[in-house]
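First the structure, in the form of structure tokens, and then the observations on it.
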Amino acid sequence: MRFSPARVLVLPGVLLLALAGRVHAQHGAANGEWRYYGGDAGNTKYSPLDQIDAKNVKELEIVWRWKADNFGPAPDYNWEVTPLMVGKVLYFTAGSRRDVVAVDAATGETLWMYRLDEGERGDRAPRKQNRGLAYWTDGKDDARLLLISPGYQLVALDAKTGRPVPTFGKNGIVELTEGLDRDVVKPGQIGASSPAIVVRDVVVVGAAMIAGTAPPSKTHVPGYIRGFDVRTGRRIWTFKTVPRPGEAGNETWENDSWQYTGNTGAWAPLAGDEELGYVYVPVEMPTGDFYGGHRLGDNLFGDSLVCLDAKTGTRVWHFQLVHHDIWDWEPSSPPILADITVGGKPIKAVAQVTKHAFTFVFDRATGAPVWPIEERPVPQTDVPGERTSPTQPFPTRPVPYDRQGVTTDDLIDFTPELKAEAVAIFNQYKTSPNPFLPPIVAGTDGKLASLWLPHHTGGGNWPGGAFDPETGIMYVSSVTNADAVALQKGDPKRTDMAYVAVLGAHPGAPAGAVQIAAPPVAGESAGRPSFGPRGLPLVRPPWGRITAIDLHTGDHVWMIANGDAPDVVKNNPALKGLNLDLSKSGKPERSPLLVTKTLLFGADGAGLFSSGPGAGGRMFRAIDKKTGAIVHEMALPASTTGIPMTYMVDDRQYIVVAVGARGVPAELIALAVP
Amino acid sequence: MTALCTRLAGLLAVALTVSIAAEATPAPQAPAPSSAWSGVFTKAQVERGRTVYNVECARCHGETLGGGENSPALVDDVFFTFWNGKAVGDLVEYTRTMMPSDGPGRITRKRCVDLAAYLLSANGFPAGDTELPTELAALTQITITRTK
């Protein structure tokens, strides 16, 4: 479709509203705009625009740049934002203070900005990265932007002026730390990194905390999901992700652990279905990422995809993706709403991709799995005080989109010598072909740690996937990067947890896999060294990939590497003279994905967080949707740090993406053909 | 020593050589060598360092300095793996030039000195009556050792 603004302008208002009503979540970004973080409320990241196509994409050029250097007290380098575009204006958050900015979508000219200085609560925010905003309009004169501040306040701004809406909360602001069943919520304990979502005039808010590798306590704030009236800011409902006595799921928290356990927020973007009136919430894990001895039981609704009635907060259905999580394998990707046809039967589905490389697909109205999900036996823990679930859910279709579990067959094998060294390293760890290998106490049976693939940051992660509603193909990006996790006794001076985790480092043998950032080089990624042989990755490539999955059938259609090997591998002395073809080895980072009528767009990715050695890069790619062939690639000024979005203004299609790199402050890049 | 450890040591050595060489102008008076165990920072400095840590470091290295998703612990074995035998000046300059890892160089040396006091305190070193100085020449004379 080639969108013509003039054609819409002549439509009567009533017809416009009717059209708006038919814009279903799963149909992509409508009317040449981009009104949701994920393109539409269903996170398809799809736009039917087609001006940029396979024929002219080689002419793509930078048409404007918007620099974020001076937004926030220090430059932001890892800007995970995706702007919204409504009515020729881009809206986004910028800088570590999450200032809200409006710019002209055709020129990049700044129109207004909003800055909220939150003092200590902002300074100590658990997550300062920002992904963007939610937008709402009554279809008449009232148009609002909803911001979740770093210090966890909900702010409603007038989209036209950037000024707080005085009738919303207190002068435009709603306090989010209230109503969490804790007498005191200290600065830094709770925040958010993803935007809210508005469904049926209700703003639904999730939460994010500091990672629980070595938490100071088993006691934490619960990240309840809340719904607020978008007009007044009044809190309408609270969904308690750690249920209280008498509520369903409370029995899955043994020894009254529901009283003190926290986390269980939803830090990934949420999804919504305006037609059904439902919101889809990927709930994170409970307190203590790798030790659950203080919260025995399945721990509902941790690690669950939960469907709530947006008007009431009532739970419609849920599915727990990981029981009693001690792998940090919470759902970290936005749920994707997809209308599919399976065996001739139309299904309104929701697909949840995960860190551990599964795609869970459900009927989003009922929660019924589209394909059977089997409870299969998994390895059991021997850590004192811990008790693992005897089984875990395994979807039978689609098959995993990345490797799960590690055997010697997975190890790097460029030469027999490198393979032998990799096996020697591998043998220092406890391993399993089953992904659900529990962490061990460091040194148990002479092993340094448990070796995981995917490890605790995945597999997949917040960039998630994209879905083409016309073809039913979902595209997912993931990394293949093993890592080691062990437990050690909690030091009573620092924590009341019986055990905390050490990632890669182990008492008595700390050098084997200690993680440390590489020296800073401006413009290059911040990947950390590998602990495989001679500084190479331990496992075979590809180290980053994009997988196309047909959600009508559950079949994989194609898989491509995310570019070539990182420089840290290509320049490794151990590979000199081997003449290896590393062109399809893949950057160990998740490619941000955007899909249009004509092309799939991807990129090397940021390489600044939760990624492997040498991750990230400047290449931006147009990919053939049917085959995975690279149609065009071009270097941007820095690494892509956000998910690209696209829109049409004055008959010109733009693609806008955030870029940055270590030492290269963040900016937005707008691309278009001449 | 594993290949990785060698590599890390090399990286550290390069970084430290660069930073120390940059400061290698002749000092009027060479400070006397001392041990980090001899009360080289104050409690007030530790508290300032804690404030800096909570704002700049805790998101990645954890509230208890126990490490995070992609960041090492800053206490106990991991701390001493890197810093045993090194100078406080090395720790300060590493922090100043390498951290935060996505955009290093924005924490001033004075704040890095306060951070070093906090890290030393968290690793069992005692506070004393005088603050850690901010002059690099003096800081490089103070040695971190795991045992007294």
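Here is the naming used below: chain letters follow the sequence lines, and residue numbers restart at 1 for every chain.
Proximity to chain A (any heavy atom under 4.5 Å) is shown, for B/R59, by both the backbone and the side chain. A/K128 touches chain B through backbone and side chain together, each having a heavy atom under 4.5 Å away. With a threshold of 4.5 angstrom between heavy atoms, A/P665 does not approach chain B through any atom at all. At a 4.5 Å heavy-atom cutoff, the contact between A/P126 and chain B is made by backbone atoms alone. Interface remark: A/D328 contributes side-chain atoms only to the contact with chain B (heavy atom separation under 4.5 Å).
Using cut-offs of 30° and 60° on the angle between ring planes, the pair A/W327 and A/W329 is parallel. Below 30°, between 30° and 60°, or above 60°: for A/H456 and A/F290 the angle between ring planes is above 60°, a perpendicular geometry.
With contacts defined as side-chain heavy-atom distances shorter than 4.5 Å, the pair A/I412/A/L538 does not qualify. Side chains of A/N130 and A/D76 form a contact here, defined as non-hydrogen atoms less than 4.5 Å apart.
Interface check for chain B: of the options A/A125, A/G490, A/G660, the most heavy-atom pairs under 4.5 Å are formed by A/A125.
No donor-acceptor pair closer than 3.5 Å links the side chain of A/W267 to the backbone N or O of A/W462.
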